Amino acid sequence: VTKTPVELKDLPDPVKATLSSEKYKEWIPTAAFLVTNADKSEHYQVDVKKQEETASLKIGKDGVVIE
């Protein structure tokens, strides 16, 4: 598995749309990575923060959150 840092401004539009959606709009993105798995599948890991709480979202290139 490789993790490549990605500038938040360089995230694909579907990923940005997910981050600004009603469900996630209170969370502030702090960092993003493009994660490439051994099977060549890829997703974005976006580290987010809401006040003192932090989380990490896995979002496909299509903007769909991977649980």
Side-chain angles (χ1 to χ4, degrees):
V1 176
T2 58
K3 279 175 70 169
T4 309
V6 177
E7 292 286 332
L8 293 168
K9 65 179 174 43
D10 296 333
L11 288 170
D13 288 336
V15 175
K16 290 180 186 172
T18 298
L19 292 170
S20 61
S21 69
E22 195 67 33
K23 186 173 179 182
Y24 299 108
K25 69 178 183 183
E26 292 180 12
W27 291 90
I28 298 159
T30 56
F33 303 90
L34 176 61
V35 179
T36 306
N37 300 305
D39 65 0
K40 302 290 183 230
S41 64
E42 293 181 326
H43 68 270
Y44 288 93
Q45 173 190 322
V46 182
D47 296 337
V48 292
K49 183 174 183 185
K50 179 168 65 174
Q51 290 148 6
E52 297 307 309
E53 210 176 338
T54 58
S56 197
L57 301 172
K58 286 171 64 172
I59 305 174
K61 290 182 174 188
D62 55 1
V64 176
V65 175
I66 303 161
E67 294 299 331

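For clarity, every value in this text was computed on a predicted model and none was experimentally measured. The first residue of the sequence shown is numbered 1, and numbering continues consecutively from there.
- Scanning all heavy atoms of the two residues, the minimum distance from Val6 to Leu34 falls at CG2-N, 3.6 Å.
- Annotation: Ile28, atom CD1; neighbour count of heavy atoms from other residues, nucleotides and ligands within 6.0 Å does not exceed 12.
- Between Leu8 and Ala31, the shortest heavy-atom distance links the atoms CD2-C, 4.1 Å.
- Going from atom CZ of Phe33 over to atom NE2 of His43 covers 11.0 Å, rounded to the nearest 0.5 Å.
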Donor-acceptor list for residues 58-65 side chains, cut-off 3.5 Å, not counting sequence neighbours:
from, atom 1, to, atom 2, distance (Å)
Lys61, NZ, Glu42, OE1, 2.5
Asp62, OD1, Val64, N, 3.1

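- Side-chain contact between Val48 and Tyr24: absent, with no pair of heavy atoms (C-beta onward) separated by less than 4.5 Å.
- A distance of 7.0 Å separates OG1 of Thr54 from CH2 of Trp27, quoted to the nearest 0.5 Å.
- The shortest distance between side-chain heavy atoms of Val1 and Val35 falls below 4.5 Å.
- Partners of Lys25 by side chain to side chain donor-acceptor pair (under 3.5 Å), not counting sequence neighbours, listed by chain and number: Glu22.
- Residue pairs that meet the side-chain hydrogen bond (donor to acceptor under 3.5 Å, both in side chains) test with at least one member in residues 2-20, sequence neighbours left out, are Lys3-Gln45.
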